[in-house]
Amino acid sequence: MEAWEVIIIGGGHAALRSAIAAKEDNASVIVVSADGTGNSGDGDSTGISSSISETSSRGHRNDTIRCGDFLCDQDIVSSRTGTASNHLADLERWGVNFRRNSEGIPRTDILPGHHMPRVSGCGDTTDVEVQQVLAEQCMKSGISRRGDTLVLRIISTANKVHGITTLDLTSGKVTAMQCKALIIADDGFEGAWTSSSIGGRGMHLAMQSGVSLRDLEFQSWTPFGIPDSEVILPLGLLSEGAVLAGPGGEMDAESASPSAMAAEMAAGGEGWSLDLRNIDSSAAAWYSATFNHTNLRLGLDSSSEPLPVEPRVVGTLGGIPVDIDGRVMVGNWQLVFTGLYAAGEAACSGLHGAGVAAGNRMLDALSGGTAAGTHAGSYAGVSKYSGSDKLLHQLSEDESTLDTILSVVAGVDAPRVGEIRSTLSNIMTDHMGLKRSEAGLKTAAEQLSDLAGRAAGLRLDYCNSLLMNQNLVKNIHLRSIINIAQAAVTAALLRQESRGTHCREDFTDRDDENFLKHSLVGADGAGEWLPLRKSTRGSWLLAPDA
């Protein structure tokens with residue numbers, strides 16, 4: 001049995017940043033992921049938001065709270081936006097090639113969700129460049145990274161972490177890994193709507209361990225999805241002269257948020273397009289990969305005609321509830337799951353609330369990863385390993401469970417991953433999109449319950465070995481995301497109002513009196529509510545009626 005002081009689940013920006021922070025406290029750190037160690041990060045090339053061109057971060061804080069429709073935890077927003085410039089400086093120091101202004105400092109653009117220029121990036125390669133420099137810092141620090149490792153279970157006793165069991169796909173063996181602190185920093189569950197990823201595994205592991213997930217009813221949308229493909233155009237094109245137009249004419253690019261633009265598109269009907277023909281050639285060089293991709297793969301020439309676009313889910317805002325240090329909370333703000341942390345897309349940090357401003361997703365990944373890694377490294381330095389017997393017992397059980405799965409011969413009519421996933425996407429698109437109603441959500445709940453039953457009998461075409469058995473991995477991931485989707489529908493039914501990206505046709509108004517609070521849904525489907533955090537003094541930094 002291996003022992004590491006800090007284990008991190010994930011492979012994107014939040015995971016690598018938390019590993020760097022934990023290592024700074026001299027903890028032994030390993031990053032494990034079901035994907036390869038060279039994955040491209042969290043998939044958001046918008047950039048990182050900060051107030052480097054302003055005298056204070058107050059404007060960034062207030063815009064973030066308004067964009068979140070006042071469901072943000074305001075002390076956390078204040079902290080995250082206040083340190084945003086530091087995270088930008090770290091990336092620049094480590095080698096990210098940001099676009100620069102005439103003064104030689106990172107250029108800032110005004111994008112949806114902001115009233116001032118705040119978003120810095122390097123065109124359509126921002127996500128990859130940030131991932132690369134973080135990976136380089138991990139290598140320089142001697143941090144171990146292990147891909148092709150599927151986490152099977154979190155082992156804990158009385159809300160205290162002992163470690164995890166994993167399936168090492170490179171050897172086909174089930175292993176136990178002991179730890180003092182565990183950080184969940186993998187993906188959101190946007191794969192319930194799209195076909196580009198699945199995600200949600202870390203959230204499901206936490207829910208299995210007794211953690212209720214927070215604000216699952218809220219998603220992040222982009223207006224720039226290319227129909228009938230997985231391609232999403234970078235939001236930064238708006239600051240370069242791109243024009244979004246639909247049946248009613250051009251849309252104002254200085255919108256309340258990217259999701260608000262998507263909602264306006266949905267309300268306006270079909271026939272939206274993005275005109276890139278007037279983009280300056282010097283700016284176009286920063287988006288050459290996008291233009292080449294749409295041309296070569298989709299046969300769309302952006303230099304001669306507008307590109308068709310549609311709203312698309314690009315991220316989820318709800319997830320594992322954490323405090324300002326990234327510690328996982330259990331049911332309320334006073335009870336901590338000892339040794340368990342979360343960051344990035346898997347976490348619900350309180351920064352976004354009901355909607356996310358451009359550039360704040362990457363900010364949350366970096367700031368949340370730093371906070372979780374710093375606290376986990378410090379905690380590991382003063383705590384002891386525990387639960388060895390329970391880890392070994394669970395290791396034996398998981399080995400038997402996987403052997404049983406391999407031995408079951410499914411009938412020829414047993415469903416496969418593609419069929420179930422397509423059905424899941426249709427359910428979520430039809431009933432958990434930009435327009436929702438009680439009738440539709442109840443229909444979704446019934447359909448997901450049936451789908452979960454069918455997914456329990458997924459056909460395993462490759463059952464000779466656990467070695468690199470990606471068929472098994474996909475089956476496990478799909479069952480996880482269906483369970484998260486069920487919890488999300490429950491949360492959407494509980495919130496009988498319209499707020500941010502949660503738009504109820506039967507409750508069209510925002511209802512601060514009854515629903516200015518976080519939703520919580522557990523593995524048993526039971527719903528609860530969690531009060532918002534205000535300032536450290538207990539008063540609003542920005543009142544909901546402001």
Side-chain angles (χ1 to χ4, degrees), residues 42-47 49 64 66-69 71-72 111-114 119 127 187-197 199-200 215-238 242 244 246 251-270 272-274 307-319 345 348 351-362 364 425-436 440-441 444 485 488-489 491-492 495 498-505:
D42 298 317
D44 181 14
S45 279
T46 302
S49 57
T64 296
R66 290 192 183 98
C67 191
D69 219 349
L71 201 69
C72 307
L111 288 176
H114 301 281
V119 183
D127 170 58
D187 302 325
F189 66 105
E190 58 273 9
W193 286 263
T194 69
S195 58
S196 57
S197 65
D215 293 345
L216 295 178
E217 63 269 37
F218 299 107
Q219 291 78 47
S220 174
W221 292 74
T222 179
F224 291 166
I226 301 290
D228 302 319
S229 77
E230 298 177 1
V231 177
I232 295 174
L233 301 175
L235 199 64
L237 290 167
L238 284 172
L244 179 62
M251 184 187 295
D252 182 5
E254 295 185 13
S255 180
S257 70
S259 295
M261 296 178 71
E264 187 174 340
M265 291 173 66
E270 299 180 353
W272 290 86
S273 63
L274 188 69
L307 303 180
V309 290
E310 66 179 6
R312 185 83 52 83
V313 173
V314 289
T316 50
L317 306 184
E345 300 290 293
C348 183
L351 175 66
H352 303 317
V356 57
N360 274 2
R361 282 180 64 196
M362 185 174 288
D364 195 35
S425 176
N426 290 336
I427 293 171
M428 299 300 280
T429 300
D430 291 343
H431 304 298
M432 277 286 286
L434 289 167
K435 297 178 181 179
R436 303 171 182 178
L441 292 170
V489 170
R495 187 170 293 280
S498 289
R499 185 186 297 271
T501 60
H502 174 66
C503 301
R504 291 281 297 261
E505 294 179 307

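Heavy atoms only, all atoms of each residue included: L244 and M265 are closest at CD2-SD, 4.0 Å. Taking both residues in full, the closest heavy atoms of C348 and D215 are given as SG-OD2, 3.9 Å, listed atom of the first, atom of the second, then distance. Pairing each heavy atom of S259 with each of Q219, the nearest pair is OG-O, 4.0 Å. Between V119 and A358 the shortest heavy-atom distance is CG2-O, 3.5 Å. When all heavy atoms of G500 and D69 are compared, the pair lying nearest together is N-OD2, 2.9 Å. In this structure, C67 and A357 approach most closely via the heavy-atom pair SG-N, 3.4 Å.
R499 is linked by a salt bridge (charged side-chain N to carboxylate O under 4.0 Å, His left out) to E497, D512, counting only residues two or more places apart in sequence or in another chain. Under the side-chain contact (heavy atoms from CB on, under 4.5 Å) criterion, A444 pairs with I427, H431, V489, not counting sequence neighbours. Every residue meeting the side-chain contact (heavy atoms from CB on, under 4.5 Å) condition with E505, not counting sequence neighbours, appears here in chain and number order: K435, S437. Every side-chain contact (heavy atoms from CB on, under 4.5 Å) that A488 has, sequence neighbours left out, goes to F189, L216, M432. Contacts of E310 classified as side-chain hydrogen bond (donor to acceptor under 3.5 Å, both in side chains), with partners at least two apart in sequence or in another chain: R312. With sequence neighbours left out, A266 forms a side-chain contact (heavy atoms from CB on, under 4.5 Å) with L434. Residues satisfying the side-chain hydrogen bond (donor to acceptor under 3.5 Å, both in side chains) test with T64, not counting sequence neighbours, are N360.
Note that CG of L317 is 8.5 Å distant from CZ of F218, once rounded to the nearest 0.5 Å. Atom CG in L237 sits 9.5 Å away from atom CG in L111 (nearest 0.5 Å). The distance from the SG atom of C72 to the CG atom of L351 is 6.5 Å, given to the nearest 0.5 Å. With rounding to the nearest 0.5 angstrom, the OG1 atom of T194 is 7.5 Å from the CD1 atom of I232. Taking CZ of R361 as the start and CG of D127 as the end, the distance is 9.0 Å to the nearest 0.5 Å. M251 CE to M261 CE: the interatomic distance, rounded to the nearest 0.5 Å, is 5.0 Å.
Two residues are said to be in side-chain contact when any heavy atoms from C-beta on lie closer than 4.5 Å; P223 and L233 fail this criterion. Counting heavy atoms from C-beta on, the side chains of F224 and L307 never come closer than 4.5 Å. Contact annotation: the side chain of P258 never approaches that of T222 to less than 4.5 Å [non-hydrogen atoms, C-beta and beyond].
Not one N or O on the side chain of S220 forms a donor-acceptor pair closer than 3.5 Å with the backbone of G315. Within the 3.5 Å criterion, the main-chain N or O of A492 finds a donor-acceptor partner in the side chain of R504.
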